[in-house]
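Just so it is clear, the model here is predicted, and its values are computed rather than measured.
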Amino acid sequence: MTEKQITELLQSADRAAGPPSFGRISAHQIRRRLRRRRLLWGGPGLAAAAALIVLGLTLWNRDLGPQEVVVPPEQEKIASLETQVKQLQAQTQATLELVNDVLARERQTQQLDALEAELASIPDPVEELRKQTDKTAFTLLYRADRLYRELNETESAVEAYEQIIQLFPRNRWADVARARLLEIRKPLINDSKTEGDSKCKSRSV
Amino acid sequence: MLLERFNRGDDAAFDRIVTRYAAEVAALANRLLGWPQDVDDVVQDVFMAAFTGLRKFRGDCKLRSWLFTITINTCRRHRRRLGRLRSVPLEDAAPNLYLNEQAEMAAIDSETFARVRRAVRMLPARYREVVVLRYLQGLETGEICRLLGISTNAMNVRLNRARKRLKEDLLELIEVTA
(Lines give C-alpha, C1' and ligand atoms only; values in the text may rest on other atoms or scores of the structure.)
Protein backbone atom coordinates (compact mmCIF):
# COMPACT_ATOMS: atom_id res chain seq x y z
CA MET A 1 0.00 0.00 0.00
CA THR A 2 1.73 3.14 -1.19
CA GLU A 3 1.42 6.56 0.37
CA LYS A 4 -0.34 7.81 -2.74
CA GLN A 5 -2.98 5.08 -2.49
CA ILE A 6 -3.58 5.84 1.15
CA THR A 7 -3.86 9.56 0.46
CA GLU A 8 -6.34 9.00 -2.36
CA LEU A 9 -8.42 6.56 -0.39
CA LEU A 10 -8.53 8.76 2.69
CA GLN A 11 -9.33 11.90 0.73
CA SER A 12 -12.12 10.13 -1.16
CA ALA A 13 -13.58 8.86 2.09
CA ASP A 14 -13.35 12.33 3.57
CA ARG A 15 -15.03 13.90 0.55
CA ALA A 16 -17.77 11.28 0.66
CA ALA A 17 -18.55 12.18 4.25
CA GLY A 18 -19.41 15.71 3.17
CA PRO A 19 -18.64 19.00 4.87
CA PRO A 20 -19.26 19.31 8.58
CA SER A 21 -22.00 21.50 9.95
CA PHE A 22 -21.48 24.26 12.45
CA GLY A 23 -23.37 27.34 13.52
CA ARG A 24 -22.60 30.95 12.89
CA ILE A 25 -19.91 32.40 15.13
CA SER A 26 -19.37 36.04 15.87
CA ALA A 27 -17.39 38.10 18.34
CA HIS A 28 -20.60 39.41 19.87
CA GLN A 29 -21.92 35.88 20.36
CA ILE A 30 -18.65 34.76 21.95
CA ARG A 31 -18.64 37.73 24.31
CA ARG A 32 -22.14 36.78 25.40
CA ARG A 33 -21.15 33.16 25.95
CA LEU A 34 -18.10 34.19 27.97
CA ARG A 35 -20.22 36.46 30.13
CA ARG A 36 -22.70 33.65 30.72
CA ARG A 37 -19.89 31.24 31.61
CA ARG A 38 -18.40 33.74 34.07
CA LEU A 39 -21.82 34.11 35.65
CA LEU A 40 -22.24 30.34 35.85
CA TRP A 41 -18.82 29.86 37.45
CA GLY A 42 -19.09 32.92 39.65
CA GLY A 43 -22.71 32.26 40.65
CA PRO A 44 -22.28 29.31 43.02
CA GLY A 45 -19.34 31.00 44.75
CA LEU A 46 -21.28 34.20 45.35
CA ALA A 47 -24.32 32.27 46.51
CA ALA A 48 -22.17 30.27 48.95
CA ALA A 49 -20.56 33.43 50.32
CA ALA A 50 -23.99 35.07 50.75
CA ALA A 51 -25.31 31.96 52.49
CA LEU A 52 -22.32 31.98 54.86
CA ILE A 53 -22.85 35.65 55.70
CA VAL A 54 -26.54 35.07 56.38
CA LEU A 55 -25.72 32.05 58.55
CA GLY A 56 -23.12 34.01 60.48
CA LEU A 57 -25.51 36.88 61.09
CA THR A 58 -28.24 34.51 62.25
CA LEU A 59 -25.90 32.83 64.73
CA TRP A 60 -24.67 36.24 65.92
CA ASN A 61 -28.20 37.44 66.56
CA ARG A 62 -29.09 34.21 68.36
CA ASP A 63 -26.10 34.61 70.70
CA LEU A 64 -27.02 38.18 71.53
CA GLY A 65 -30.64 37.51 72.35
CA PRO A 66 -33.32 35.44 70.73
CA GLN A 67 -36.34 37.66 71.14
CA GLU A 68 -35.21 41.24 70.79
CA VAL A 69 -34.46 42.33 67.26
CA VAL A 70 -33.58 45.85 68.38
CA VAL A 71 -30.20 46.87 67.03
CA PRO A 72 -27.94 47.84 69.95
CA PRO A 73 -26.26 51.23 69.90
CA GLU A 74 -22.64 51.50 68.84
CA GLN A 75 -21.30 51.81 72.37
CA GLU A 76 -23.07 48.66 73.50
CA LYS A 77 -21.66 46.81 70.55
CA ILE A 78 -18.17 48.03 71.37
CA ALA A 79 -18.63 47.10 75.03
CA SER A 80 -19.82 43.60 74.16
CA LEU A 81 -16.90 43.18 71.79
CA GLU A 82 -14.47 44.34 74.49
CA THR A 83 -16.01 41.82 76.91
CA GLN A 84 -15.62 39.09 74.34
CA VAL A 85 -12.01 40.06 73.74
CA LYS A 86 -11.33 40.01 77.50
CA GLN A 87 -12.96 36.61 77.81
CA LEU A 88 -10.87 35.32 74.96
CA GLN A 89 -7.72 36.75 76.54
CA ALA A 90 -8.57 35.10 79.87
CA GLN A 91 -9.21 31.80 78.11
CA THR A 92 -5.92 32.07 76.24
CA GLN A 93 -4.07 32.90 79.48
CA ALA A 94 -5.61 29.92 81.26
CA THR A 95 -4.75 27.63 78.37
CA LEU A 96 -1.18 28.92 78.32
CA GLU A 97 -0.79 28.33 82.07
CA LEU A 98 -2.14 24.83 81.69
CA VAL A 99 0.26 24.13 78.86
CA ASN A 100 3.20 25.49 80.90
CA ASP A 101 2.20 23.38 83.89
CA VAL A 102 1.98 20.25 81.75
CA LEU A 103 5.38 21.03 80.23
CA ALA A 104 6.95 21.55 83.69
CA ARG A 105 5.56 18.24 84.90
CA GLU A 106 6.88 16.56 81.81
CA ARG A 107 10.35 18.02 82.45
CA GLN A 108 10.28 16.87 86.10
CA THR A 109 9.31 13.34 85.08
CA GLN A 110 12.15 13.27 82.59
CA GLN A 111 14.66 14.44 85.22
CA LEU A 112 13.42 11.81 87.67
CA ASP A 113 13.76 9.11 85.05
CA ALA A 114 17.32 10.21 84.30
CA LEU A 115 18.25 10.14 88.01
CA GLU A 116 16.75 6.70 88.45
CA ALA A 117 18.69 5.43 85.46
CA GLU A 118 21.90 6.90 86.93
CA LEU A 119 21.19 5.29 90.29
CA ALA A 120 20.58 1.96 88.63
CA SER A 121 23.99 2.14 87.00
CA ILE A 122 25.74 2.49 90.44
CA PRO A 123 26.49 -1.00 91.97
CA ASP A 124 24.88 -1.93 95.30
CA PRO A 125 27.50 -1.23 98.08
CA VAL A 126 26.23 -4.01 100.34
CA GLU A 127 26.48 -6.49 97.53
CA GLU A 128 29.92 -5.15 96.67
CA LEU A 129 31.05 -5.54 100.29
CA ARG A 130 29.70 -9.08 100.42
CA LYS A 131 31.64 -9.95 97.27
CA GLN A 132 34.85 -8.48 98.66
CA THR A 133 34.40 -10.35 101.97
CA ASP A 134 33.81 -13.57 100.12
CA LYS A 135 36.87 -13.01 98.01
CA THR A 136 39.06 -12.30 101.08
CA ALA A 137 37.76 -15.39 102.87
CA PHE A 138 38.47 -17.52 99.84
CA THR A 139 42.02 -16.09 99.54
CA LEU A 140 42.69 -16.89 103.20
CA LEU A 141 41.30 -20.40 102.78
CA TYR A 142 43.40 -20.93 99.68
CA ARG A 143 46.53 -19.86 101.65
CA ALA A 144 45.62 -22.12 104.58
CA ASP A 145 45.02 -25.06 102.23
CA ARG A 146 48.46 -24.54 100.68
CA LEU A 147 50.04 -24.48 104.16
CA TYR A 148 48.23 -27.69 105.11
CA ARG A 149 48.42 -29.75 101.92
CA GLU A 150 51.52 -28.59 100.04
CA LEU A 151 53.81 -27.35 102.81
CA ASN A 152 52.60 -29.67 105.64
CA GLU A 153 52.59 -26.69 108.00
CA THR A 154 49.65 -28.04 110.00
CA GLU A 155 49.92 -25.67 112.91
CA SER A 156 50.08 -22.59 110.74
CA ALA A 157 47.20 -23.99 108.67
CA VAL A 158 45.10 -24.52 111.79
CA GLU A 159 45.79 -20.93 112.80
CA ALA A 160 44.81 -19.72 109.38
CA TYR A 161 41.56 -21.78 109.39
CA GLU A 162 40.71 -20.47 112.82
CA GLN A 163 41.39 -16.94 111.66
CA ILE A 164 38.91 -17.47 108.81
CA ILE A 165 36.27 -18.76 111.20
CA GLN A 166 36.90 -15.85 113.51
CA LEU A 167 36.84 -13.14 110.85
CA PHE A 168 34.03 -14.49 108.66
CA PRO A 169 32.00 -16.81 110.88
CA ARG A 170 28.94 -16.87 108.56
CA ASN A 171 30.76 -17.11 105.29
CA ARG A 172 30.60 -20.30 103.27
CA TRP A 173 34.44 -20.48 103.25
CA ALA A 174 34.32 -20.45 107.08
CA ASP A 175 32.26 -23.66 106.82
CA VAL A 176 34.94 -25.11 104.60
CA ALA A 177 37.61 -24.02 107.14
CA ARG A 178 35.64 -25.77 109.91
CA ALA A 179 35.53 -28.92 107.81
CA ARG A 180 39.27 -28.73 107.27
CA LEU A 181 39.87 -28.27 111.01
CA LEU A 182 37.73 -31.32 111.70
CA GLU A 183 39.71 -33.19 109.12
CA ILE A 184 42.99 -32.17 110.79
CA ARG A 185 41.78 -32.85 114.33
CA LYS A 186 40.14 -36.20 113.68
CA PRO A 187 43.35 -38.30 113.65
CA LEU A 188 44.57 -36.41 116.73
CA ILE A 189 41.39 -37.34 118.62
CA ASN A 190 41.70 -40.91 117.51
CA ASP A 191 45.31 -40.98 118.63
CA SER A 192 44.40 -39.58 122.03
CA LYS A 193 41.63 -42.17 122.33
CA THR A 194 44.00 -45.04 121.58
CA GLU A 195 46.54 -43.56 124.01
CA GLY A 196 43.83 -43.37 126.75
CA ASP A 197 42.79 -47.01 126.09
CA SER A 198 46.36 -48.27 126.40
CA LYS A 199 46.77 -46.30 129.65
CA CYS A 200 43.59 -47.84 131.02
CA LYS A 201 44.73 -51.25 129.96
CA SER A 202 48.11 -50.78 131.54
CA ARG A 203 46.51 -49.55 134.75
CA SER A 204 44.13 -52.48 134.84
CA VAL A 205 47.00 -54.76 134.12
CA MET B 1 -3.51 43.70 10.25
CA LEU B 2 -6.58 41.88 11.54
CA LEU B 3 -4.79 41.16 14.81
CA GLU B 4 -3.91 44.79 15.30
CA ARG B 5 -7.49 45.79 14.69
CA PHE B 6 -8.73 43.11 17.11
CA ASN B 7 -6.26 44.28 19.76
CA ARG B 8 -7.60 47.80 19.36
CA GLY B 9 -11.02 46.38 20.28
CA ASP B 10 -12.52 45.99 16.80
CA ASP B 11 -14.91 43.02 17.00
CA ALA B 12 -15.38 43.06 13.23
CA ALA B 13 -11.75 41.99 12.85
CA PHE B 14 -12.46 38.86 14.85
CA ASP B 15 -15.52 38.17 12.72
CA ARG B 16 -13.27 38.36 9.66
CA ILE B 17 -10.89 35.84 11.24
CA VAL B 18 -13.81 33.51 11.94
CA THR B 19 -15.09 33.82 8.38
CA ARG B 20 -11.66 33.08 7.01
CA TYR B 21 -10.74 30.07 9.15
CA ALA B 22 -14.01 28.57 10.48
CA ALA B 23 -14.45 26.09 7.62
CA GLU B 24 -10.87 24.80 7.96
CA VAL B 25 -11.17 24.52 11.72
CA ALA B 26 -14.50 22.69 11.37
CA ALA B 27 -13.05 20.30 8.78
CA LEU B 28 -10.05 19.50 10.97
CA ALA B 29 -12.24 18.98 14.04
CA ASN B 30 -14.59 16.78 12.03
CA ARG B 31 -11.72 14.59 10.85
CA LEU B 32 -10.01 14.43 14.24
CA LEU B 33 -13.25 13.43 15.93
CA GLY B 34 -14.00 10.70 13.41
CA TRP B 35 -16.48 12.47 11.12
CA PRO B 36 -19.38 13.10 13.51
CA GLN B 37 -20.47 15.84 11.02
CA ASP B 38 -21.89 18.06 13.75
CA VAL B 39 -18.90 19.89 15.18
CA ASP B 40 -20.62 23.08 16.25
CA ASP B 41 -19.64 22.72 19.93
CA VAL B 42 -16.00 22.14 19.15
CA VAL B 43 -15.80 25.01 16.67
CA GLN B 44 -17.47 27.33 19.17
CA ASP B 45 -14.99 26.26 21.86
CA VAL B 46 -12.05 26.75 19.51
CA PHE B 47 -13.03 30.29 18.62
CA MET B 48 -13.91 31.12 22.17
CA ALA B 49 -10.41 30.02 23.23
CA ALA B 50 -9.00 32.02 20.34
CA PHE B 51 -11.00 35.07 21.35
CA THR B 52 -9.67 34.97 24.92
CA GLY B 53 -6.13 34.10 23.92
CA LEU B 54 -5.67 36.21 20.84
CA ARG B 55 -4.27 39.15 22.80
CA LYS B 56 -1.44 36.88 24.01
CA PHE B 57 -0.72 35.59 20.49
CA ARG B 58 2.78 36.88 19.66
CA GLY B 59 2.76 35.92 16.01
CA ASP B 60 5.50 33.29 16.36
CA CYS B 61 3.63 31.15 13.86
CA LYS B 62 0.84 31.63 11.34
CA LEU B 63 -2.60 32.38 12.71
CA ARG B 64 -3.87 29.29 10.89
CA SER B 65 -1.33 27.05 12.66
CA TRP B 66 -2.19 28.63 15.99
CA LEU B 67 -5.90 27.94 15.41
CA PHE B 68 -5.07 24.37 14.39
CA THR B 69 -3.16 23.87 17.66
CA ILE B 70 -6.20 25.08 19.58
CA THR B 71 -8.41 22.79 17.51
CA ILE B 72 -6.23 19.74 18.22
CA ASN B 73 -6.23 20.48 21.96
CA THR B 74 -9.97 21.15 21.99
CA CYS B 75 -10.65 17.87 20.18
CA ARG B 76 -8.48 15.97 22.64
CA ARG B 77 -10.41 17.53 25.52
CA HIS B 78 -13.70 16.80 23.78
CA ARG B 79 -12.76 13.15 23.30
CA ARG B 80 -11.71 12.85 26.93
CA ARG B 81 -15.00 14.37 27.97
CA LEU B 82 -16.93 11.91 25.90
CA GLY B 83 -14.83 9.09 27.31
CA ARG B 84 -14.95 7.21 24.08
CA LEU B 85 -15.53 7.86 20.42
CA ARG B 86 -19.05 8.30 19.31
CA SER B 87 -20.83 5.11 18.36
CA VAL B 88 -20.69 4.19 14.73
CA PRO B 89 -23.55 5.86 12.88
CA LEU B 90 -26.06 3.58 11.20
CA GLU B 91 -25.20 4.77 7.69
CA ASP B 92 -21.60 3.71 8.33
CA ALA B 93 -22.55 0.35 9.72
CA ALA B 94 -24.50 -1.37 7.01
CA PRO B 95 -25.35 -0.67 3.38
CA ASN B 96 -28.96 -0.49 2.13
CA LEU B 97 -29.70 -3.74 0.31
CA TYR B 98 -32.75 -2.53 -1.62
CA LEU B 99 -31.30 -0.26 -4.27
CA ASN B 100 -31.36 -0.08 -8.05
CA GLU B 101 -28.22 -0.81 -10.10
CA GLN B 102 -26.97 2.76 -10.31
CA ALA B 103 -27.60 3.39 -6.70
CA GLU B 104 -25.95 0.06 -5.87
CA MET B 105 -22.58 1.29 -7.18
CA ALA B 106 -22.95 4.42 -5.13
CA ALA B 107 -23.84 2.31 -2.12
CA ILE B 108 -20.75 0.15 -2.63
CA ASP B 109 -18.59 3.29 -2.77
CA SER B 110 -20.36 4.66 0.23
CA GLU B 111 -19.72 1.44 2.14
CA THR B 112 -16.07 1.41 1.12
CA PHE B 113 -15.52 4.97 2.27
CA ALA B 114 -17.42 4.34 5.47
CA ARG B 115 -15.05 1.47 6.12
CA VAL B 116 -12.06 3.69 5.49
CA ARG B 117 -13.39 6.32 7.87
CA ARG B 118 -14.11 3.66 10.44
CA ALA B 119 -10.53 2.36 10.12
CA VAL B 120 -9.18 5.87 10.73
CA ARG B 121 -11.58 6.37 13.61
CA MET B 122 -10.37 3.16 15.25
CA LEU B 123 -6.76 4.30 15.22
CA PRO B 124 -5.33 5.46 18.56
CA ALA B 125 -5.58 9.25 18.91
CA ARG B 126 -1.84 9.88 18.47
CA TYR B 127 -1.82 7.97 15.17
CA ARG B 128 -5.11 9.43 13.95
CA GLU B 129 -3.87 12.99 14.48
CA VAL B 130 -0.79 12.37 12.36
CA VAL B 131 -2.81 10.68 9.60
CA VAL B 132 -5.39 13.46 9.49
CA LEU B 133 -2.83 16.25 9.46
CA ARG B 134 -0.65 14.56 6.87
CA TYR B 135 -3.06 12.93 4.40
CA LEU B 136 -6.23 14.98 4.83
CA GLN B 137 -4.99 18.42 5.79
CA GLY B 138 -1.92 18.00 3.58
CA LEU B 139 0.44 19.65 6.07
CA GLU B 140 4.23 19.50 5.81
CA THR B 141 6.29 17.42 8.26
CA GLY B 142 7.70 20.49 10.01
CA GLU B 143 4.31 22.01 10.60
CA ILE B 144 2.85 18.73 11.93
CA CYS B 145 5.75 18.41 14.34
CA ARG B 146 5.24 21.99 15.51
CA LEU B 147 1.50 21.49 15.94
CA LEU B 148 1.80 18.25 17.88
CA GLY B 149 4.97 19.23 19.72
CA ILE B 150 6.86 16.11 18.65
CA SER B 151 10.14 15.39 16.83
CA THR B 152 10.34 14.44 13.16
CA ASN B 153 11.47 11.00 14.16
CA ALA B 154 8.46 10.51 16.46
CA MET B 155 6.15 11.73 13.72
CA ASN B 156 7.61 9.29 11.20
CA VAL B 157 7.28 6.43 13.67
CA ARG B 158 3.64 7.27 14.33
CA LEU B 159 2.91 7.65 10.64
CA ASN B 160 4.51 4.29 9.81
CA ARG B 161 2.59 2.52 12.54
CA ALA B 162 -0.66 4.19 11.50
CA ARG B 163 -0.05 3.17 7.87
CA LYS B 164 0.65 -0.39 8.95
CA ARG B 165 -2.61 -0.57 10.86
CA LEU B 166 -4.59 0.99 8.02
CA LYS B 167 -2.99 -1.47 5.62
CA GLU B 168 -4.05 -4.37 7.80
CA ASP B 169 -7.60 -3.05 8.04
CA LEU B 170 -8.04 -1.99 4.41
CA LEU B 171 -6.01 -4.62 2.56
CA GLU B 172 -9.03 -6.03 0.73
CA LEU B 173 -10.13 -2.61 -0.46
CA ILE B 174 -6.69 -1.75 -1.81
CA GLU B 175 -6.56 -5.03 -3.73
CA VAL B 176 -10.01 -4.45 -5.22
CA THR B 177 -9.34 -0.83 -6.23
CA ALA B 178 -5.90 -1.78 -7.63
Problem - Residue pair A/Lys131, A/Asp124: steps toward the salt bridge (Lys or Arg N to Asp or Glu O under 4.0 Å) verdict - result: CA-CA 11 Å; A/Lys131 276 182 187 169; A/Asp124 184 10; over 6 Å; no
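Heavy-atom distances place the side chain of B/Thr52, and not its backbone, under 4.5 Å from chain A. For B/Val43, the parts lying near chain A are the backbone and the side chain together; criterion is any non-hydrogen pair under 4.5 Å. Neither the backbone nor the side chain of A/Arg15 comes within contact range of chain B; no heavy atom of the residue lies under 4.5 Å from a heavy atom of that chain. Residue contact with chain A, scored on non-hydrogen atoms closer than 4.5 Å, involves the side chain of B/Phe51 exclusively. With a threshold of 4.5 angstrom between heavy atoms, A/Gln29 approaches chain B through side-chain atoms but not through N, CA, C or O. Only the side chain of B/Val120 comes within less than 4.5 Å of a heavy atom of chain A; its backbone N, CA, C and O stay farther away.
Residues B/Phe57 and B/Trp66 place their aromatic rings such that the two centres sit under 6.0 Å apart.
Test B/Met122, B/Arg158, B/Arg79 against B/Arg128 for side chain to side chain contact (heavy atoms under 4.5 Å, CB included) and you get one pass: B/Arg79.
Chain B forms more heavy-atom pairs under 4.5 Å with one residue of A/Pro19, A/Ser12, A/Gly18, A/Gly23 than with any other, namely A/Ser12.
Side-chain polar atoms of A/Ser26 and A/Arg31 form no donor-acceptor pair below 3.5 angstrom. Side-chain contact check for B/Arg31 and B/Tyr135: no donor-acceptor pair (N or O, by modelled atom type) lies under 3.5 Å.
Under the 30°/60° scheme for interplanar angles, the aromatic rings of B/Phe14 and B/Phe6 are found to be tilted.
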